[in-house]
Undergrad: 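I have a structure here, written as structure tokens, and I will follow up with some questions on it.
Because the structure is predicted, anything quoted here is derived from the model rather than measured. In this chain, numbering begins with 1 at the start of the sequence shown.
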Amino acid sequence: MKKFKERLSGRIFFTLALSSISALALITVFIISQGAPLIAEVGIIKFIFGMEWAPSRGEFGIFPMIIGSVTVTLGAAVIGVPVGICCSVFLAEFAPPAMSNLFRPAIQLLAGIPSVVYGFWGLLFVVPAVRNLFGGPGLSILTGSIILGIMILPTVISISEVSILALPRQYKEGALALGMTHWQTIYAVMLPAAKSGIVAAVILGIGRAVGETMAVIMVLGNAVAVPESILDPVRTLTTNIGIEMGYASGEHQQALFATGIVLFVAIMILNSFAQYVTRRK
């Protein structure tokens, strides 16, 4: 009877795991089947590096939106990654237990806030602040980077902190015994030792930023053009899909699915690289 229960439990868990993989496979097949014909018709080079997006005229170039996605994501990384790593070091090494117990749930709560709330907050407060301080319309790369930088903080902080706390105590004790200060120990010993986990946290945070849609729709301005400065409005790949999928049909709809293929491949590469860095050691 005991062996039967064990076999039954194993088969149930196997079925659940297989269902998850099957769902991913079905999504992949559906996106590729819908978007690949348009890529084959237009040409992958023209589709990716084309400068004009005008579905009504049969122009399907997503390069301005790729630039928009890259610039906003890099801006979010520049803002969010240093803050996230510093917060993780503070929680792991400096914060009293009572403060850590207060901060950790608050940071995790950031991950549970709906993205539309971030977008609404950005529209009411960040956009006017950027407009008043730097000029321009306020709906810009800088605004989107600030919002996304805040949104990736839970991922960067949580994984980085776990990586630091997982280090053997001998690393810190040995460095202090050699006469290094606490800060020198963190900078020269602990952060390099936790590098693989921190890099994985950064890559996963970037993947989170690349895939965000609703918040950036509200604060980017959604102009299909190559930006000249961080104060210019842009449109990302995700916002393009979110804005136009509701009324697209025919080749237009296929082009949006093809955009999804580009996003899918980019995020898969980022996640695979994060897994490789995490497991390398």
Undergrad: Step through the shown structure and confirm whether more than 12 heavy atoms of other residues, nucleotides or ligands are within 6.0 Å of CZ on Phe120.
TA: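 No, the 6.0 Å shell around CZ holds no more than 12 heavy atoms from other groups.
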Undergrad: According to a 4.5 Å side-chain heavy-atom criterion applied to Ile, Leu, Val, Met, Phe, Trp and Tyr, with indirect links allowed, do Val72 and Leu270 form part of one hydrophobic cluster?
TA: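 Different hydrophobic clusters.
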Undergrad: Which pair of non-hydrogen atoms, one from Val216 and one from Thr213, has the smallest distance, and what is that distance?
TA: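 Residues Val216 and Thr213, closest heavy atoms: CG2-O, 3.1 Å.
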Undergrad: Can you see which heavy atom on Ser100 is nearest to which on Ala95, and at what distance?
TA: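 Of all heavy-atom pairs spanning Ser100 and Ala95, the closest is OG-CB, 3.3 Å.
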Undergrad: Applying side-chain contact (heavy atoms from CB on, under 4.5 Å), run through Leu153 and Cys87 and close with a yes or a no.
TA: CA-CA 9 Å; Leu153 283 178; Cys87 286; 5.8 Å; no
Undergrad: Under the 3.5 angstrom rule, does the side chain of Thr143 hit a backbone N or O of Gly138 as a donor-acceptor pair?
TA: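 Side chain of Thr143 to backbone of Gly138: a pair is present.
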Undergrad: Mind checking the OG-CG spacing from Ser163 to Leu191? Nearest 0.5 Å is all I need.
TA: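 The CG atom of Leu191 is 10.5 Å from OG of Ser163, to the nearest 0.5 Å.
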Undergrad: Please tell me whether Met151 and Leu109 are part of a single hydrophobic cluster in this structure, the criterion being side-chain heavy atoms less than 4.5 Å apart.
TA: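 No.
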Undergrad: Do Leu263 and Ile241 make a side-chain contact, defined as non-hydrogen atoms from C-beta onward lying under 4.5 Å apart?
TA: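 Yes, at least one pair of side-chain atoms sits under 4.5 Å.
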Undergrad: Might you point out which heavy atoms bring Ile85 and Ser160 nearest each other, and give the distance in Å?
TA: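 Looking at all heavy atoms of both residues, the shortest contact is CG1-OG, 4.4 Å.
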Undergrad: Are Met268 and Val262 grouped together when hydrophobic residues (ILVMFWY) are joined by side-chain heavy atoms under 4.5 angstrom apart?
TA: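 No, because Met268 and Val262 fall into different hydrophobic clusters, even though each may have its own neighbours under 4.5 Å.
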Undergrad: Say whether, by atom type as modelled, one donor and one acceptor occur between the side chain of Thr238 and the main chain of Glu212 under 3.5 angstrom.
TA: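 Here the side-chain-to-backbone pair exists.
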Undergrad: Does Ile79 share a hydrophobic cluster with Ile152, counting links as ILVMFWY side-chain heavy atoms below 4.5 Å and allowing steps through other members?
TA: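 Unlinked, Ile79 and Ile152 end up in two clusters.
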Undergrad: Give a yes or no on whether the backbone of Gly68 and the side-chain of Thr71 come within a donor-acceptor separation of less than 3.5 Å.
TA: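 Such a contact is found between Thr71 side chain and Gly68 backbone.
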Undergrad: So how far is it from Ile198 CD1 to Ile203 CD1, rounded to the nearest 0.5 Å?
TA: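 So the gap between those two atoms works out to 12.0 Å.
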Undergrad: Report the relative orientation of the aromatic rings in Phe90 and Phe103; use parallel for angles under 30°, tilted for 30 to 60°, perpendicular for over 60°.
TA: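 Ring orientation of Phe90 relative to Phe103: tilted.
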Undergrad: Can you tell me how far the OG atom of Ser249 sits from the CD atom of Gln254, to the nearest 0.5 Å?
TA: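 These two atoms lie 10.0 Å from each other.
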Undergrad: Any side-chain to backbone donor/acceptor pair from Asn240 onto Leu256? Under 3.5 Å, distance only.
TA: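 Answer holds: no.
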Undergrad: Would you mind reporting whether Trp53 and Glu244 have side-chain heavy atoms less than 4.5 Å apart?
TA: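 Sidechains of Trp53 and Glu244: in contact.
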Undergrad: Does Ile269 share a hydrophobic cluster with Ile67, counting links as ILVMFWY side-chain heavy atoms below 4.5 Å and allowing steps through other members?
TA: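 Yes, Ile269 and Ile67 fall within the same hydrophobic cluster.
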Undergrad: Out of curiosity, His252 NE2 to Leu38 CG, how far, rounded to the nearest 0.5 Å?
TA: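 Going from the NE2 atom of His252 to the CG atom of Leu38 covers 10.0 Å.
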Undergrad: Between OG1 of Thr259 and CD1 of Ile31, what distance do you get to the nearest 0.5 Å?
TA: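 Taking OG1 in Thr259 and CD1 in Ile31, the distance rounds to 11.0 Å.
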Undergrad: Start with the C-alpha distance between Val116 and Met218, add both sets of side-chain angles, then the distance that settles side-chain contact (heavy atoms from CB on, under 4.5 Å), and finish with yes or no.
TA: CA-CA 8 Å; Val116 68; Met218 301 173 70; 4.0 Å; yes
Undergrad: List the steps and the verdict of side-chain contact (heavy atoms from CB on, under 4.5 Å) for Phe257 and Met245.
TA: CA-CA 9 Å; Phe257 277 108; Met245 184 58 79; 4.3 Å; yes
Undergrad: Taking atom CD1 of Ile44 as the centre, report whether more than 12 heavy atoms of other residues, nucleotides or ligands fall under 6.0 Å from it.
TA: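 No, CD1 of Ile44 has 12 or fewer neighbouring heavy atoms, counting only those of other groups under 6.0 Å.
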Undergrad: Look only at the side chain of Thr239 and the backbone of Arg235, and say whether a donor-acceptor pair between them is shorter than 3.5 Å.
TA: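 The answer is no, because no donor-acceptor pair under 3.5 Å joins these two groups.
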Undergrad: Do you know which two heavy atoms are closest between Ser69 and Leu237, and how far apart they sit?
TA: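 Smallest interatomic distance, heavy atoms only, reads OG-N, 3.0 Å.
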Undergrad: Which is it for Tyr118 and Leu110 under the side-chain contact (heavy atoms from CB on, under 4.5 Å) test, yes or no, and what are the steps along the way?
TA: CA-CA 10 Å; Tyr118 283 104; Leu110 285 175; 3.5 Å; yes
Undergrad: Count the heavy atoms of every other residue, nucleotide or ligand shown that sit under 6.0 Å from CE of Met180, and state whether that count exceeds 12.
TA: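 Yes - once you tally the heavy atoms of other residues, nucleotides and ligands closer than 6.0 Å, there are more than 12.
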Undergrad: Angle between ring planes, His182 versus Phe94, binned at 30° and 60°: parallel, tilted or perpendicular?
TA: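 The rings of His182 and Phe94 sit tilted, inter-plane angle from 30° to 60°.
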Undergrad: Going by the side chain to side chain contact (heavy atoms under 4.5 Å, CB included) test, name the single residue among Val130, Leu231, Leu123 that passes it with Leu139.
TA: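 It is Leu123; the other options fail the test.
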Undergrad: State, to 0.1 Å, how close Ala175 and Val189 come at their nearest heavy-atom pair, and which atoms those are.
TA: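 The answer is CB-CG2, 3.9 Å.
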Undergrad: Evaluate whether atom OH of Tyr247 has more than 12 neighbouring non-hydrogen atoms of other residues, nucleotides or ligands under 6.0 angstrom away.
TA: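 Atom OH in Tyr247 is packed in, count exceeds 12.
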Undergrad: Would you please classify the geometry between the Trp121 ring and the Phe125 ring as parallel, tilted or perpendicular, with 30° and 60° separating the classes?
TA: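 The rings of Phe125 and Trp121 sit tilted, inter-plane angle from 30° to 60°.
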Undergrad: Rounded to the nearest 0.5 Å, what separation is found between the CG atom of Leu91 and the CG atom of Leu102?
TA: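 If I round to the nearest 0.5 Å, the distance is 10.0 Å.
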Undergrad: For residues Ser88 and Ile164, report the shortest heavy-atom separation together with the two atoms involved.
TA: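 Ser88 and Ile164 have their closest heavy atoms at OG-CD1, 4.0 Å.
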Undergrad: Given side chains that start at C-beta, do those of Leu167 and Lys172 come closer than 4.5 Å, heavy atoms only?
TA: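 The answer is no; the side chains never approach within 4.5 Å.
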Undergrad: Report yes or no: does Ser33 contribute a side-chain atom to a donor-acceptor pair with the main-chain N or O of Phe30 at less than 3.5 Å?
TA: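 Pair found, side chain donor or acceptor close to backbone of Phe30.
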